[in-house]
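Data block below; observations after.
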There are 2 protein chains.
Amino acid sequence: MAAMDDIDSAILEHLQRDARITNRDLARALGIAPSTCLERVRALRNRGVLTGYHATVDLAALNRRVQALVFLQIRPLSREVIESIKSYVAGLPEVLSVYVVAGGDDLVAHVAVQDVEQLHSMLMDRFSPRREVVTFRSSIIFQHVSEPVVSPLDDV
Amino acid sequence: MAAMDDIDSAILEHLQRDARITNRDLARALGIAPSTCLERVRALRNRGVLTGYHATVDLAALNRRVQALVFLQIRPLSREVIESIKSYVAGLPEVLSVYVVAGGDDLVAHVAVQDVEQLHSMLMDRFSPRREVVTFRSSIIFQHVSEPVVSPLDDV
DNA sequence: GCCCGCACCGAATCTCGTGCGGTGACTCGG
DNA sequence: CCGAGTCACCGCACGAGATTCGGTGCGGGC
């Protein structure tokens, strides 16, 4: 993996904050020529550093006013079973994000639904019937803050 | 909140998938004129439905190869204490996301650090000293899949 | 000291964004 | 049934931006 200098870091910071900034403005903010800037952004994409540009949407506007974390215990804990249940959960329309974790629980799902009733239905209809899900519990999310900008950590 | 029709939903889907799509291409994909498309996108922003455009970055490229969920118990559970610890945790550079939840734990932090050693240091240096954090435990994240596109849920 | 590679720049061209006036459909009162 | 008002949409035109390409300076290797 090629090294990243300060300009690359600044590019990433700007694009994480506002992915629709024009190349022109980005170049101006960095003090380099637009053509150079374009080349660097393209290189970051090709290197796999920049993985995508995504709009974020207000969940309430999408009829999803209730969020929860669902913690699942999976058995047996084989690679195949984990892969399969992970794909299944991630594919559910109510699910925003899935974590495969170590510790007391094996899977954590971040879900967003219309109301608590729908949360309950979803748990009963989609999680309970699965044999590999031996148990699960849910925590309603009161607040969720997400940092849009991730900076590189310096080597020790 | 104004109603959303199929075209609005399609706009949201496209922009969530690729926030840098040109207005022209977006309009073409929807079968409407670019000027109309522009107007609708602007309306979605003004209504607060579209909240932002963000580039996503490969965490490994930023020297963050280890992720974990950290579950915190907070006492006393007053509004002020929760607000304050939430802001503190969200402001830490290692933290990607913070959930304030109901249930056995009160706060869940999604952190991304360079290695397990740094995770340990972080827990010891940043969480342990806080008086309001009565206990915490961490779960290493093996995999994390995040759905980039969120669709509206139909009313029941 | 010379050569080569690399990153950067500036100009030219081509595409795109965006405001404006016009137009058709739909609604509602007469 | 008809006419006016409203609203979303469209096409056009102009300004702004994206992207390419040839040129340039600098630093490392020999």
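A note on names: the letters A, B, ... follow the listed sequences, proteins ahead of strands, and every chain is numbered from 1.
Among pairs with a residue in residues 52-89 of chain A, those fulfilling ring pair (Phe, Tyr, Trp, His ring centres under 6.0 Å) read A/Phe71-B/Phe71, at least two apart in sequence or across chains.
Spacing between atom CG of A/Asp8 and atom P of C/dA7 amounts to 11 Å, rounded to whole angstrom units.
Between the B/Arg20 side chain and the A/Ile21 main chain, a donor and an acceptor come within less than 3.5 Å of each other. Listed for the A/Asn23 side chain is a donor-acceptor partner under 3.5 Å among the backbone atoms of A/Pro34. Under the 3.5 Å distance criterion, the side-chain polar atoms of B/Glu147 are left unmatched by any main-chain donor or acceptor of A/Val95. Formation of a donor-acceptor pair under 3.5 Å by the B/Thr51 side chain with backbone atoms of A/Thr56 is found in this model.
A heavy-atom distance below 4.0 Å to DNA chain D is reached by these residues of residues 35-46 of chain B, ordered by number: B/Ser35, B/Thr36, B/Arg40. For the segment residues 14-29 of chain A, residues with any heavy atom less than 4.0 angstrom from an atom of DNA chain D are, sorted by number, A/Thr22, A/Asn23, A/Arg24.
A distance of 14.0 Å separates OG of A/Ser84 from CZ of A/Arg79, quoted to the nearest 0.5 Å. The CG atom of A/Asp25 lies 10.0 Å from the SG atom of A/Cys37; values are rounded to the nearest 0.5 Å.
The environment of A/Asn46 atom CG is dense: over 12 non-hydrogen atoms of other residues, nucleotides or ligands sit within 6.0 angstrom. No more than 12 heavy atoms of other residues, nucleotides or ligands lie within 6.0 Å of CD in A/Glu117, so this atom counts as exposed by the packing criterion.
Cluster membership for A/Ile141 and A/Leu62, using ILVMFWY side-chain heavy atoms within less than 4.5 angstrom, is not shared.
Axis deviation across the helix from C/dG1-D/dC30 to C/dG30-D/dC1 amounts to 20°, comparing end segments of five pairs, rounded to 10 degrees.
For DNA chain D, the contact window with chain B, defined by any atom under 4.0 Å from a protein heavy atom, covers D/dC9 to D/dG11 in 5' to 3' order.
In terms of the ring-ring contact (aromatic ring centres under 6.0 Å, His included) criterion, residue partners of B/His110 (sequence neighbours excluded) are, by chain and number, A/Tyr99, B/His144.
A side chain to side chain contact (heavy atoms under 4.5 Å, CB included) with B/Gln67 is found for exactly one of B/Val113, B/Ile140, B/Leu59, namely B/Leu59.
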